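Following: one structure in C-alpha cells, then a few remarks.
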2 protein chains.
Amino acid sequence: MAVGDASAAARPQYRKLAANLREAIASGAYQDGRLPSEETLAAQHGMSRGTVRQALALLRANGVVTSRRGTPRVILGTARTQSFYELMSFTSWARAVGEEPGGHTLAFEHRPGEPWECAQLDLEPGSMLYFVLRARTLSRVPVMAERTLYPEAVGRVLADLGPDAISHMDPLVDEGLIFADLEHSIDLISANAEDARILDIPQGSPLLRERRRATDPSGVVLHWSDDRFLPGTVSFTVHSSAAVTSMSRRRG
Amino acid sequence: MAVGDASAAARPQYRKLAANLREAIASGAYQDGRLPSEETLAAQHGMSRGTVRQALALLRANGVVTSRRGTPRVILGTARTQSFYELMSFTSWARAVGEEPGGHTLAFEHRPGEPWECAQLDLEPGSMLYFVLRARTLSRVPVMAERTLYPEAVGRVLADLGPDAISHMDPLVDEGLIFADLEHSIDLISANAEDARILDIPQGSPLLRERRRATDPSGVVLHWSDDRFLPGTVSFTVHSSAAVTSMSRRRG
DNA sequence: TAGTGGTCTAGACCACCCA
DNA sequence: GGGTGGTCTAGACCACTAG
C-alpha cells in the first residue's frame with residue numbers, strides 16, 4: 001500500500017474496523033475473551049497499527065474492551081451505547097427500543113426570551129427565540145413533558161410543522177444543521193401544575209428530569225431542552241473510564 | 001529531537017499538554033475563543049503533531065473544545081468533568097464540592113450471594129461475597145443510602161474497618177486495586193421500608209438511584225453498588241459528542 | 001525474555017472552510 | 001488558494017505482564 005493512501009472516503013477505515021470488531025465480538029468470535037494483538041489486526045486488515053489503535057480507542061471509550069500495557073485486550077461486552085442521534089431524539093430512541101413514539105404540541109411561541117433562557121442559548125438578553133412545549137407519548141401513553149428553546153434561526157425551521165408532528169429533530173437535520181456535542185444534566189424534581197396537567201398526575205409527583213444543551217461544531221447552541229419523564233419509563237446509562245471521563249456529579 | 005525519544009515518564013507529554021491547555025483556557029488566554037493550530041502548538045511545545053492531537057482528543061472528549069475540519073478549534077468552556085476517582089468515591093466527591101462527608105455502617109455481611117447478586121459481580125451462583133449497607137451524610141445530614149457488594153477478595157480488605165469509617169474506597173486503592181471502568185445507571189424509584197428508615201423519610205418517597213459497577217483493567221468486577229439519593233442533593237452531568245458517545249437511555 | 005499495549009515521530013494526502 | 005483539522009503510514013523505543 002502506497003504511502004499516504006488516505007482514502008478517507010465517507011467512512012474512515014478505523015470506523016469500519018471498529019464496527020467490524022463490534023460485530024465479531026457480538027457474534028461470539030474471540031471465545032477466549034481476548035482480542036488479537038494490534039500488530040495482528042493491522043496485518044489481517046492491511047492497515048497500519050496507528051489506524052487499528054484508533055478503532056480500538058473507540059471501543060475502549062464505549063466500554064467494549066479494556067486495555068492494559070503488557071496484556072492482550074480483554075472483551076467486556078457489546079456495551080450498548082446508543083447512537084448520538086438516538087440520544088437527542090426521543091422519536092428515534094423510541095423506535096430503536098421498539099415503541100411507537102408520538103407527540104402533541106401544546107405551545108409554540110416566538111417571543112423575546114427571559115434572561116435565563118437567553119443565557120442558556122448564549123444569546124443577548126432579550127433576543128427573540130422559539131419556545132415549544134410538547135407532550136410526548138409511547139404507544140399513546142403520555143410519558144414525558146418536553147420544553148425546548150431554539151435560537152431564532154433554528155426554530156424558524158419548525159414553524160410550519162403541525163401540532164402532531166412526531167419528530168422535531170428530523171426537520172432540523174434535514175435542514176443541514178449539525179449537532180456535534182450534548183451536555184446532559186439529570187436530576188429528580190417534583191411536578192409543577194403544568195407538568196401535572198400534561199402527564200395527568202397529581203401536582204408534586206416525582207419526575208426524572210433531563211436537561212440538554214446541544215451545540216454545533218463551532219460551539220453555537222442549537223437548542224436547550226428540559227424533559228421530564230414519569231418514573232419507571234426511562235433510565236440513563238453512562239460508561240466512564242479512567243482514561244476519559246466525561247461525567248460528573250453535582251451538588252443538587 | 002531524536003526519533004523515538006519516547007520519554008513516556010510517569011505522565012505522558014500529551015496529558016501534560018492537555019492540562020496546560022485547560023489551565024490556559026481557564027485563565028483567559030485565547031480571548032478570541034479559538035485555539036492555535038495543531039502545527040503551531042506542536043512547534044511551540046517541541047512535540048510532533050500526533051502528540052498534540054492526543055492532547056486535543058482528550059479535551060474534545062471532555063467538551064472543552066470542539067473540532068471541525070477546515071477551521072480552528074473553538075473553545076467551549078472549562079467543562080468541569082470530575083476526576084474518575086471522585087465519580088467512584090462519595091467521600092472524595094463530597095470533599096471536592098466543599099462538604100463534609102460522613103458514613104455509618106448499618107450492616108456488614110459475609111455470606112453466600114443471591115443469584116442476582118452473584119450475577120452482578122460475575123461470580124458463580126452461591127459464591128461468598130461481602131454486602132455492606134451504609135448511611136451517607138453531608139454535614140451530618142443523611143442524604144444517601146448505599147448498598148455495596150464486593151467479591152470476597154475485595155471485601156476482605158474492609159473487614160477491619162470500624163462502623164464509622166468515612167471512606168471505603170481509599171483502603172481498596174491503598175491495597176493496590178485498580179479501578180479502570182465504571183458503568184452507571186441512573187433512574188428514579190420510591191423508597192422502601194429500609195430506605196425510609198435510613199433516610200428518615202416516609203416510605204414511598206421518591207429517590208434518585210445510581211447503580212454502579214466497577215471493573216479493573218482485565219475486566220474483573222471489583223464492586224457493585226446501589227446508591228439512593230434524596231431529591232435535591234445531587235444531579236448527574238454527562239457530556240457526549242458525536243465522535244464518541246458513551247451514554248444511553250433505556251426503557252425503564 | 002518474548003510479546004503486548006502506550007507513547008512518540010516525521011512525513012503524507014485529503015476534505016473542508018474561509019478570505 | 002492557503003490554512004485547518006482528519007486520516008493514515010512506517011517506523012521507533014518504552015513499560016509492563018506473563019510464561
Side-chain angles (χ1 to χ4, degrees), chain A residues 1-18 32-43 45-61 65-75 176 178 180 216-220 241-244, chain B residues 1-18 32-43 45-61 65-75 176 178 180 216-220 241-244:
Chain A
M1 182 152 301
V3 168
D5 175 7
S7 58
R11 246 178 91 197
Q13 293 187 39
Y14 75 90
R15 284 194 179 276
K16 290 186 204 162
L17 175 57
D32 55 350
R34 305 185 308 152
L35 234 49
S37 77
E38 299 174 353
E39 206 73 61
T40 304
L41 286 172
H45 296 80
M47 47 179 70
S48 81
R49 192 180 154 214
T51 304
V52 171
R53 280 181 64 79
Q54 271 184 286
L56 293 175
L58 224 51
L59 300 185
R60 170 77 211 276
V65 300
T66 45
S67 59
R68 189 171 39 151
R69 221 194 301 242
T71 78
R73 289 175 186 269
V74 174
I75 294 172
I178 298 175
D216 78 359
S218 63
V220 174
S241 70
V244 181
Chain B
M1 182 152 304
V3 168
D5 175 6
S7 58
R11 248 177 90 198
Q13 294 185 38
Y14 75 90
R15 284 194 181 276
K16 290 186 206 163
L17 176 56
D32 55 350
R34 306 183 310 152
L35 235 47
S37 77
E38 299 174 355
E39 206 73 62
T40 304
L41 287 172
H45 295 82
M47 47 179 71
S48 81
R49 191 181 154 213
T51 304
V52 170
R53 280 182 63 79
Q54 271 184 285
L56 293 175
L58 224 51
L59 299 185
R60 169 80 212 276
V65 300
T66 44
S67 59
R68 189 171 36 153
R69 222 196 302 244
T71 77
R73 292 176 184 267
V74 174
I75 294 172
I178 298 175
D216 78 358
S218 64
V220 174
S241 70
V244 181

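The figures here come from the full heavy-atom set of this structure, side chains too, leaving out hydrogens, waters and symmetry mates. Since the structure is predicted, the reported quantities are computational estimates derived from the model, not experimental observations. Below, chain A is the first sequence line, B the second, and so on; all start at residue 1.
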In whole Å, what is the span from the [atom1] atom of [X] to the [atom2] atom of [N]?
X       : N      : atom1 : atom2 : answer
B/Glu38 : C/dA10 : CD    : C1'   : 15 Å
B/Arg11 : D/dA15 : CZ    : C1'   : 18 Å
B/Leu58 : C/dC8  : CG    : P     : 12 Å
A/Leu41 : C/dG3  : CG    : P     : 17 Å
B/Arg73 : C/dC17 : CZ    : P     : 15 Å
B/Glu39 : C/dG11 : CD    : P     : 10 Å
B/Leu17 : C/dT7  : CG    : P     : 14 Å
A/Gln13 : D/dG6  : CD    : C1'   : 13 Å

Within the distance-only criterion (no hydrogens, no angle test), does the side chain of A/Thr66 pair as donor or acceptor with the backbone N or O of B/Pro217 below 3.5 angstrom? yes
Does any part of the side chain of A/Arg53, heavy atoms only, come nearer than 4.5 Å to the side chain of A/Glu38, both counted from C-beta? yes
Side chains of A/Leu58 and A/Gln54: closer than 4.5 Å at any heavy-atom pair? no
Considering non-hydrogen atoms only, spot the tightest contact between [X] and [Y] and give its length.
X        : Y        : result
B/Ala180 : B/Asp216 : CB-C, 3.8 Å
A/Arg15  : B/Ala243 : NH2-O, 3.6 Å
B/Ala42  : B/Ser48  : CB-C, 4.0 Å
A/Pro72  : A/Arg34  : CG-NH1, 3.2 Å

In Å, rounded to the nearest 0.5 Å, how long is the span from OG of A/Ser241 to CZ of A/Arg60? 4.5 Å
To the nearest 0.5 Å, how far apart are CZ in B/Arg49 and CG in B/Leu56? 10.0 Å
Going by number, which of residues 48-56 of chain B have a non-hydrogen atom under 4.0 Å from DNA chain D? B/Arg49, B/Arg53
All N/O contacts under 3.5 Å from nucleotides 16-19 of chain D to the protein, with atom names and distances to one decimal?
none

With respect to the phosphate group of C/dC8, does any side-chain polar atom (N or O) of B/Tyr14 fall under 4.0 Å of OP1 or OP2? no
Could you check A/Leu17 against A/His45 for side-chain contact (heavy atoms from CB on, under 4.5 Å), going step by step and ending with a plain yes or no? CA-CA 8 Å; A/Leu17 175 57; A/His45 296 80; 3.6 Å; yes
Which range-with-range stems can be found for DNA chain D when each stem has 3 or more Watson-Crick or G-U pairs in a row and both distances sit under 3.5 Å? C:1-18 with D:1-18
Show, in sequence, the C-alpha distance, side-chain angles and deciding distance for B/Val65 and B/Leu35, and conclude whether the side-chain contact (heavy atoms from CB on, under 4.5 Å) test is met. CA-CA 8 Å; B/Val65 300; B/Leu35 235 47; 3.9 Å; yes
